[in-house]
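Quantities reported herein were computed from a predicted structural model and do not represent experimental measurements. Any value given below was found using the heavy atoms of this structure, including those in side chains, with hydrogens, waters and symmetry copies removed. Every number for a ligand or one of its atoms is a count from 1 in the order of the listing.
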Amino acid sequence: MTTEKQRNKFIIDAGYNTFLLRSEDVYIDLLTDSGTSAMSDRQWAAIMMGDEAYAGSRNYYNLEAAVTKFYGYKYTLPTHQGRGAEHIISQILIKPGDIIPGNMYFTTTRLHQEIAGGTFVDVIIDEAHDPESLHPFKGNIDIDKLSAVIKKYGAKKIPYVTVSTSVNMAGGQPLSIANLKEVRKLTQKHGIRLVHDMTRVAENAYFIQQREPGYKTKSIAKIILEICALTDIATMSAKKDALVNIGGILAMNDVKIYAEAQNLAVVYEGLHTYGGLAGRDMEAMAVGISESVQDLHIRARIGQVEYLGEKLKERGIPTVLPFGGHGIFLNAAKILSHLPQEQFPGQTLAAEIYKDSGVRSMERGIVSAGRDKKGKNIFPKLELVRLTIPRRVYTQAHMDVVAESVERVFLRREKIKGLTMVFEPEYLRFFQARFKQ
Ligand SMILES: Cc1ncc(COP(=O)(O)O)c(C=O)c1O
């Protein structure tokens with residue numbers, strides 16, 4: 001617990017960037033669900049089973065078996081986290097001048113595509129950019145948009161299409177199996193691969209079970225396998241669904257690409273049987289994957305997110321709808337409608353919530369979107385603040401505290417002043433940029 005006076009100082013010292021706060025100065029930490037979940041007793045027991053051999057650790061083979069059993073991919077390369085997998089696959093498949101269509105950008109994914117010389121093109125359905133659209137599958141790809149991109153650039157210039165399950169930047173919104181099947185049909189016709197960002201595939205599977213005709217009685221585990229079978233390669237930040245504090249996965253069925261990935265791993269991550277992780281971390285990940293596909297776990301996890309969403313809705317606070325899988329996204333553009341996007345409404349709102357109660361959230365708007373290749377600011381339609389909920393960590397009572405704090409800020413919203421950016425790092429600026437009021 002800190003006082004308001006202390007928090008006013010801490011946020012100025014942090015340049016109004018919640019990433020630059022010290023965690024001991026945070027009361028309830030909803031910055032991210034990445035690596036912040038609680039490991040289970042079974043996972044901690046697995047930590048004690050670490051085989052720390054440099055090569056061929058038993059834990060690697062257990063992880064590989066878990067990936068094949070629960071995700072269906074044949075070959076597994078561990079990486080230090082999700083962006084390690086994105087780096088390797090981008091370097092292998094993308095040539096300068098290539099185009100990579102996908103269902104909304106993700107910060108690290110797009111950056112690795114650009115570093116490899118590619119250009120990301122957004123082909124998500126329009127509803128995803130509208131916070132109030134109640135479309136049940138706002139993560140879907142717009143087939144017409146994708147066809148137009150293939151027609152415009154030609155299949156040879158498109159090494160793959162990225163399909164993300166539970167689209168983070170859209171507010172944790174799912175894609176449907178029906179849509180994925182259509183995407184698969186179209187891309188197969190043109191010989192284009194699908195690379196699946198399966199960071200939150202279990203959460204997406206829950207929404208399919210709840211909302212897609214024909215899936216009510218299928219288990220989360222079965223739905224996950226069905227999704228993965230429609231794709232060729234997967235990248236994953238295991239710090240989310242897979243319930244570990246660190247780790248990532250690059251998985252696939254193509255043995256030739258796997259051989260190239262194994263080779264690049266020794267340059268950037270570590271030998272292909274540990275990829276920058278300790279043996280114990282791989283063992284905890286293998287157990288975490290098996291826990292993450294359990295229906296009751298996912299229902300409780302998404303149920304808690306919904307609980308917070310309902311509390312905010314009762315208070316009339318605008319959020320992205322329907323509520324997403326890993327957090328509630330506040331509509332900062334609407335809450336601080338008196339601030340132009342150049343004054344960073346999302347960044348401002350996150351700082352104000354911290355000042356009010358010590359609850360830490362993060363911006364997902366113009367700061368996260370960054371600049372285009374010409375150096376111009378990208379103005380995304382979504383200007384949001386993410387209240388991201390770690391798994392198995394907080395109680396509903398914590399969620400009540402969060403809702404009450406957001407309400408207090410909401411009630412004094414008209415008096416809130418915007419920010420100006422005083423330091424901008426070159427890459428992924430949202431992590432380290434600094435601001436002044
Ligand atoms: C959808 C998605 N893809 C990739 C990543 C990158 O993973 P990592 O942070 O483990 O590098 C994240 C992390 O937030 C993510 O949410």
Quick test: of every protein heavy atom, which one is nearest to [atom], and how far off is it to 0.1 Å?
{"atom": "atom 5 (C) of ligand 1", "result": "F106 CE2, 3.4 Å"}
{"atom": "atom 13 (C) of ligand 1", "result": "K240 NZ, 2.5 Å"}
{"atom": "atom 3 (N) of ligand 1", "result": "D197 OD2, 2.6 Å"}
{"atom": "atom 4 (C) of ligand 1", "result": "E86 OE2, 3.0 Å"}
{"atom": "atom 8 (P) of ligand 1", "result": "Q81 NE2, 3.3 Å"}
{"atom": "atom 6 (C) of ligand 1", "result": "T108 OG1, 3.5 Å"}
{"atom": "atom 10 (O) of ligand 1", "result": "S237 OG, 2.7 Å"}

Worksheet entry | R7 atom CZ: more than 12 heavy-atom contacts under 6.0 Å |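 Count over threshold, so yes.
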Discussion item. Tell me whether K373 at atom NZ has more than 12 heavy atoms from other residues, nucleotides or ligands lying less than 6.0 Å away.
Written reply: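 Enclosed.
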Discussion item. Check the orientation of Y75 and Y258. Use parallel for under 30°, tilted for 30 to 60°, and perpendicular for over 60°.
Written reply: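 Ring orientation of Y75 relative to Y258: parallel.
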Discussion item. Apply side chain to side chain contact (heavy atoms under 4.5 Å, CB included) to residues M399 and I389 and explain how you reach the verdict.
Written reply: CA-CA 9 Å; M399 298 300 117; I389 306 186; 3.6 Å; yes
Discussion item. Under a 3.5 Å threshold, yes or no: a donor from one side chain and an acceptor from the other, between E226 and Y215?
Written reply: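 Note: E226 and Y215 side chains meet the donor-acceptor criterion.
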Worksheet item: Distance-only, no hydrogens or angles: does the N103 side chain make a donor-acceptor pair with backbone N or O of I141 under 3.5 Å?
Response: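 Checked: no pair found.
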Discussion item. Under the criterion side chain to side chain contact (heavy atoms under 4.5 Å, CB included), I'd like the reasoning laid out for F10 against Y354: C-alpha separation, chi angles, the key distance, then a yes or no.
Written reply: CA-CA 10 Å; F10 295 149; Y354 172 73; 3.4 Å; yes
Worksheet entry | T109 N/O under 3.5 Å from ligand 1 N/O |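 N/O-N/O distance under 3.5 Å: no.
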Worksheet item: Can you find an N/O atom of G82 closer than 3.5 Å to an N/O atom of ligand 1?
Response: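 Yes, at least one N or O pair falls under 3.5 Å.
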Item to complete: Test side chain to side chain contact (heavy atoms under 4.5 Å, CB included) on I257 and L93 and set out the steps.
Response: CA-CA 9 Å; I257 298 174; L93 295 180; 4.0 Å; yes
Worksheet item: Does R301 come within less than 4.0 Å of E203, counting only side-chain N to carboxylate O?
Response: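 Counted as a salt bridge, because a side-chain N and a carboxylate O are separated by less than 4.0 Å.
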Fill in: Sub-4.0 Å atoms of ligand 1 with respect to non-hydrogen atoms of R200
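This gives 1 (C), 15 (C), 16 (O) as the contact atoms.
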Discussion item. Can you name the atoms of ligand 1, numbered from 1 with element, that are less than 4.0 Å from a heavy atom of R83?
Written reply: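 Checking each atom against R83, I get 7 (O), 8 (P), 9 (O), 11 (O).
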Worksheet entry | contact_flag M236 ligand 1 heavy-atom lt 4.0 Å |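 Contact check M236 vs ligand 1: negative.
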Discussion item. Can you tell me which portion of K239 lies within the under-4.0 Å heavy-atom range of ligand 1? Options are side chain, backbone, both, or neither.
Written reply: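 K239 to ligand 1: side-chain contact only, backbone stays beyond 4.0 Å.
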